[in-house]
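Values below: all heavy atoms of this structure, side chains included; hydrogens, waters and symmetry mates excluded.
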Amino acid sequence: MAAATPLLKDELDIVIPTIRNLDFLEMWRPFFQPYHLIIVQDGDPSKTIKVPEGFDYELYNRNDINRILGPKASCISFKDSACRCFGYMVSKKKYIYTIDDDCFVAKDPSGKEINALEQHIKNLLCPSTPHFFNTLYDPYREGADFVRGYPFSMREGAPTAVSHGLWLNIPDYDAPTQLVKPHERNTRYVDAVMTIPKGTLFPMCGMNLAFDRELIGPAMYFGLMGDGQPIGRYDDMWAGWCTKVICDHLGLGIKTGLPYIWHSKASNPFVNLKKEYNGIFWQEEIIPFFQAATLPKECKTVQQCYLELSKQVKDKLSKIDPYFTKLGDAMVTWIEAWDELNPTGENLAKLSISNGPAKAAK
């Protein structure tokens, strides 16, 4: 009997930011090998990154980013995993899955290895329920349904833009929590997927994340972080807050829960504290800003929404720190760069093949 064709084999790219050899891919080979990988090398571009044989991939380093984006490369973070969003920009696929290089295949309670990518795809391909909470979690899952009292007019649901996966072993904690709970591990496997309700923000983690690039891609900007910036480790959360506000405005859904991956390596809490220090204070004003943010009905595309949000960031958050003026400008640059690399209509045919990576392998 022939093996089943992998789901969305030709419609999905896997984006991986890294500073090291990608030996971790060996464990993922049964699940990832059929797919195309976009590897974004952070840090020193002269360093050679080794990728296990047999994978179809593109490898971009900082020199490639500067060559492809020119002056607009300033919007892509350096020496921070936020550089991964460059991979979202150069992809030409409908879906993206992104994973960190210290994440491995987890096992469910029965001991079976979890195909995280397959579960993410299932999440993205079925609707979400952001407008009315179903107490049996995902009503579209086999063995579940809408509970009594759920309006029939709302059972069609909304398109799912984002699938946010979770992690076993090392929890995704901030530095202060890491310091007071250095030995805590997440061993609880919850067999559930739920839609995050409209109007509710969440802390998005980028280490096990999938999204519909056509629905929400331009909002998945991981901000200005790392080298030369006064903040780090808020890249995925910034993208999550912006994305959630825009999804709520456009009537799109975000799911969280399954699938789990195994997060293998705890980062240094003292290094993390230095990166997060400003963010820990700033988030107390950033969160209310996003909770109150509204977008005019004239904003009908993700790009329009994101540019409006960039104005509001500069208007309302710059009082916290001049960094937010810089970040607001970078948000605009990001959209300009996105539209240059992802033209619509007849301009699509004119996209220069010279914009490809310096290194590629089959």
Side-chain angles (χ1 to χ4, degrees), residues 17 19 40 42-43 74-86 88 98 100 102-103 162 164 166-167 170-182 184 186 196 200-209 219-246 254 256 263 265-293 306 309-334:
I19 57 171
V40 184
D42 194 18
S74 62
C75 73
I76 304 298
S77 299
F78 184 58
K79 292 188 177 176
D80 193 280
S81 65
C83 67
R84 78 177 80 218
C85 63
F86 176 76
Y88 311 159
T98 187
D100 285 359
D102 62 350
C103 294
V162 181
H164 178 256
L166 299 177
W167 8 258
I170 306 293
D172 186 28
Y173 284 160
D174 53 37
T177 310
Q178 277 185 296
L179 285 166
V180 298
K181 295 183 172 182
E184 185 159 296
N186 181 34
I196 301 171
T200 301
L201 296 174
F202 75 112
M204 190 171 82
C205 174
M207 72 171 120
N208 178 27
L209 180 73
M220 279 288 178
Y221 176 47
F222 277 45
L224 280 180
M225 304 281 158
D227 198 48
Q229 308 303 334
I231 186 174
R233 283 174 55 83
Y234 274 81
D235 52 329
D236 42 9
M237 288 183 285
W238 180 263
W241 297 329
C242 292
T243 294
K244 188 59 167 66
V245 169
I246 293 172
I254 296 178
T256 187
H263 186 206
K265 191 177 65 184
S267 48
N268 187 309
F270 295 101
V271 173
N272 290 345
L273 185 60
K274 189 175 180 181
K275 294 177 180 178
E276 294 172 2
Y277 181 79
N278 284 321
I280 290 169
F281 290 100
W282 292 350
Q283 70 184 11
E284 301 306 320
E285 295 188 60
I286 296 172
I287 298 298
F289 161 77
F290 280 109
Q291 286 175 324
Y306 202 73
L309 209 47
S310 73
K311 292 178 191 172
Q312 295 183 25
V313 166
K314 288 198 284 186
D315 289 345
K316 298 182 180 178
L317 292 182
S318 293
K319 63 180 172 51
I320 301 175
D321 192 276
Y323 163 75
F324 288 96
T325 300
K326 189 177 178 182
L327 177 56
D329 289 337
M331 292 167 72
V332 175
T333 303
W334 160 263

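- Legend: residues meeting ring pair (Phe, Tyr, Trp, His ring centres under 6.0 Å) with H263, ordered by chain and number and at least two apart, are absent.
- In this structure, D236 CG and M220 CE are separated by 10.0 Å, a value rounded to the nearest 0.5 Å.
- A donor-acceptor contact shorter than 3.5 Å links the side chain of Q178 to the backbone of S267.
- Under the 4.5 Å side-chain criterion, counting only non-hydrogen atoms from C-beta, Q229 is not in contact with Y234.
- We find the CE-CD1 distance between M207 and I170 to be 9.5 Å, quoted to the nearest 0.5 Å.
- A donor-acceptor contact shorter than 3.5 Å is absent between the side chain of T200 and the backbone of I196.
- Counting only distance, with no hydrogens or angles, the side chain of D235 and the backbone of G223 share no donor-acceptor pair below 3.5 Å.
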So F281 and D321, side-chain contact (heavy atoms from CB on, under 4.5 Å) or not? Walk me through it.
CA-CA 11 Å; F281 290 100; D321 192 276; over 6 Å; no
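- Nearest approach of G232 to D80, heavy atoms of both residues: CA-OD2, 4.2 Å.
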Between I280 and L273, does a side-chain contact (heavy atoms from CB on, under 4.5 Å) hold up when you go through it step by step?
CA-CA 9 Å; I280 290 169; L273 185 60; 4.1 Å; yes
When you look at D172 and W167, which way does the side-chain contact (heavy atoms from CB on, under 4.5 Å) test go after all the steps?
CA-CA 8 Å; D172 186 28; W167 8 258; 3.4 Å; yes
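- Between the E276 side chain and the A175 main chain, a donor and an acceptor come within less than 3.5 Å of each other.
- I76 has its side chain within reach of C85: a pair of non-hydrogen atoms, C-beta onward, lies under 4.5 Å apart.
- Side-chain contact between L166 and T256: present, with at least one pair of heavy atoms (C-beta onward) separated by less than 4.5 Å.
- The closest donor-acceptor contact from the side chain of D100 to the backbone of C103 lies at 3.5 Å or more, if one exists at all.
- The two residues Y306 and I246 have their closest heavy-atom pair at CD1-CD1, 3.8 Å.
- Summarising the geometry, atom CH2 belonging to W238 is positioned 12.5 Å from atom CE belonging to M204; distances are rounded to the nearest 0.5 Å.
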Using atom types as modelled, flag every donor-acceptor pair under 3.5 Å from a side chain in residues 284-291 to any protein atom, sequence neighbours excluded.
{"residue": "E285", "atom": "OE1", "partner": "K319", "partner atom": "NZ", "Å": "3.1"}

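- With a 4.5 Å cut-off on side-chain heavy atoms, Y88 and T98 count as touching.
- Considering all non-hydrogen atoms of both residues, P203 and H164 come closest at O-NE2, 4.0 Å.
- Of all heavy-atom pairs spanning L179 and P182, the tightest one is O-CD, 3.6 Å.
- Of all the heavy atoms in S318 and T325, the pair that sits closest is OG-OG1, 2.7 Å.
- We find the CG-CH2 distance between L317 and W282 to be 10.5 Å, quoted to the nearest 0.5 Å.
- For K314, the salt bridge (charged side-chain N to carboxylate O under 4.0 Å, His left out) criterion is met by D329, not counting sequence neighbours.
- S77 places none of its side-chain heavy atoms less than 4.5 Å from the side chain of F222.
- Contact check for F270 versus K274: no side-chain heavy atoms found under the 4.5 Å cut-off.
- F86 places none of its side-chain heavy atoms less than 4.5 Å from the side chain of C83.
- Put simply, the side chain of I254 reaches to within 4.5 Å of the side chain of T243, judged on heavy atoms.
- Here the shortest heavy-atom pairing between L224 and C75 reads CD2-O, 3.8 Å.
- Using the six-membered ring where Trp is involved, Y221 and W334 have ring planes that are parallel, under 30° apart on the 30 and 60° scheme.
- Q312 CD to S310 OG: the interatomic distance, rounded to the nearest 0.5 Å, is 9.0 Å.
- Separation of atoms CD1 (I320) and CG (N278) is listed at 10.5 Å; rounding is to 0.5 Å.
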